[in-house]
Amino acid sequence: MITFPKNLTRLTWVVVGASAMFLASCSKNNDVTAPQPLNAGANAAVAGGVTAFLTVPDGGSADITSNGATGKIYRDGSIYRVENFHQAYSTGSGQPADGNFYWSFTDNDAANPGTYSIKFSGVATGDISATGTNELRFIDKAFASVTASDWTTATVPDANTIGMNNVLGTGVPPAVLALANGKGWYTYNWSAGHTVTPVSGRTLLWKSGTTVIAFDIQSIYQNQVTGGTFPYYHFRYKTL
């Protein structure tokens, strides 16, 4: 189960057990990525308002290797698409394996705790948060149709974190239901293989200063095979 940091102190062993069930039902997180060196000689480029320190040619792609990460990033004009993004794992006290993944929109690359735009954290790495004065919001509008002006009417999440939206199924423990706040990016399918699926038509927004970036999550599973090995993030983004 994917938890919010503010809830950890009050979680019962029921939730921990449910989290373990979720992890066991979906897959096993066995592939720990060893740290790798930063990309050498990265050339700055600007596309769609994003400063690209990992050079991604228009219509092309680049391997993600910085900060212990793996995956691939593609570019189509001002739209960037990230596939199978995965970073090194850590283990939280008293929980199933939880990871902290970091991404930089300004570098178009994997980041670290000191340079990230967004962080993926919590059990199963499903909570998305922003750092410092940067903000997150979301709007139920197609990624292709979102504009910068949508920021003013977009929904503000709890604690600048976007995680579980709702739970489907029967016999869901109350403590698990409590984590679904209606302000998340995914649906947790309790009775359908304990799988995670994105909320259809929901676009996430990230703001730093006057820059607004739209992004949405396609999948949390390796090669987008729902119920397979996770977390391997697939998402796309663009500057508005």
Side-chain angles (χ1 to χ4, degrees), residues 1-33 70-71 82-101 103 118-129 136 138 140 157-159 161-204 215-236:
M1 193 60 50
I2 301 172
T3 61
F4 294 94
K6 67 178 183 180
N7 289 328
L8 294 181
T9 57
R10 62 183 177 81
L11 286 181
T12 65
W13 285 105
V14 172
V15 177
V16 174
S19 300
M21 183 185 298
F22 167 40
L23 293 169
S25 299
C26 294
S27 71
K28 296 182 184 298
N29 292 308
N30 295 324
D31 46 344
V32 177
T33 307
T70 57
V82 177
E83 301 288 346
N84 287 319
F85 172 53
H86 184 82
Q87 233 169 342
Y89 253 68
S90 62
T91 300
S93 176
Q95 299 183 63
D98 65 325
N100 292 322
F101 294 4
W103 187 261
I118 55 173
K119 177 174 72 172
F120 303 89
S121 62
V123 177
T125 321
D127 290 345
I128 302 172
S129 58
L136 285 175
F138 67 87
D140 288 328
D158 293 343
T161 301
I162 302 177
M164 185 189 301
N165 185 72
N166 61 304
V167 184
L168 299 179
T170 59
V172 182
V176 173
L177 288 172
L179 300 176
N181 62 3
K183 298 180 179 180
W185 70 267
Y186 72 91
T187 295
Y188 177 36
N189 300 284
W190 175 265
S191 298
H194 296 269
T195 54
V196 167
T197 54
V199 175
S200 179
R202 179 159 294 180
T203 299
L204 313 186
F215 67 106
D216 64 358
I217 312 298
Q218 277 86 53
S219 176
I220 198 174
Y221 296 100
Q222 189 173 40
N223 299 323
Q224 300 197 49
V225 178
T226 301
T229 304
F230 71 94
Y232 283 81
Y233 267 94
H234 300 256
F235 60 97
R236 58 183 172 171

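All values derive from a computational prediction rather than experimental measurement.
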Minimum heavy-atom distance between T170 and S191, given as atom pair plus value: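 Closest approach of T170 to S191: N-OG, 2.9 Å.
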
Measure the spacing between [atom1] of [X] and [atom2] of [Y] and express it to the nearest 0.5 Å.
{"X": "R202", "Y": "I162", "atom1": "CZ", "atom2": "CD1", "result": "8.5 Å"}
{"X": "I220", "Y": "T125", "atom1": "CD1", "atom2": "OG1", "result": "6.5 Å"}
{"X": "M164", "Y": "Y186", "atom1": "CE", "atom2": "OH", "result": "3.5 Å"}
{"X": "E83", "Y": "H234", "atom1": "CD", "atom2": "NE2", "result": "5.5 Å"}

Centroid separation F120 to W103 less than 6.0 Å: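 Distance test on ring centres: not under 6.0 Å, no.
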
Between [X] (side chain) and [Y] (backbone), is there a donor-acceptor pair under 3.5 Å?
{"X": "T195", "Y": "N189", "value": "no"}
{"X": "D216", "Y": "T203", "value": "no"}
{"X": "Y221", "Y": "V196", "value": "yes"}
{"X": "T161", "Y": "A159", "value": "yes"}
{"X": "H86", "Y": "P231", "value": "yes"}

For S219, side-chain hydrogen bond (donor to acceptor under 3.5 Å, both in side chains) partners two or more places apart: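 S219: no side-chain hydrogen bond (donor to acceptor under 3.5 Å, both in side chains) contacts found.
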
Aromatic plane relationship, H194 with Y188 - under 30° parallel, 30 to 60° tilted, over 60° perpendicular: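 Tilted.
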
Sub-4.5 Å side-chain heavy-atom contact between P173 and W190: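 Yes. Closest side-chain heavy atoms under 4.5 Å.
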
Distance-only side-chain donor-acceptor flag, T187 / N166, under 3.5 Å: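 Side-chain D/A pair, T187 to N166: present.
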
Which residues share a salt bridge (Lys or Arg N to Asp or Glu O under 4.0 Å) with K183, sequence neighbours left out: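 Applying salt bridge (Lys or Arg N to Asp or Glu O under 4.0 Å) to K183 gives D158.
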
Residues I128, I217; criterion side chain to side chain contact (heavy atoms under 4.5 Å, CB included); working and verdict: CA-CA 10 Å; I128 302 172; I217 312 298; 4.0 Å; yes

N84 and N223: CA distance, side-chain angles, deciding distance, side chain to side chain contact (heavy atoms under 4.5 Å, CB included) verdict: CA-CA 6 Å; N84 287 319; N223 299 323; 3.0 Å; yes

Derivation of the side chain to side chain contact (heavy atoms under 4.5 Å, CB included) call for W185 and L204: CA-CA 8 Å; W185 70 267; L204 313 186; 4.2 Å; yes

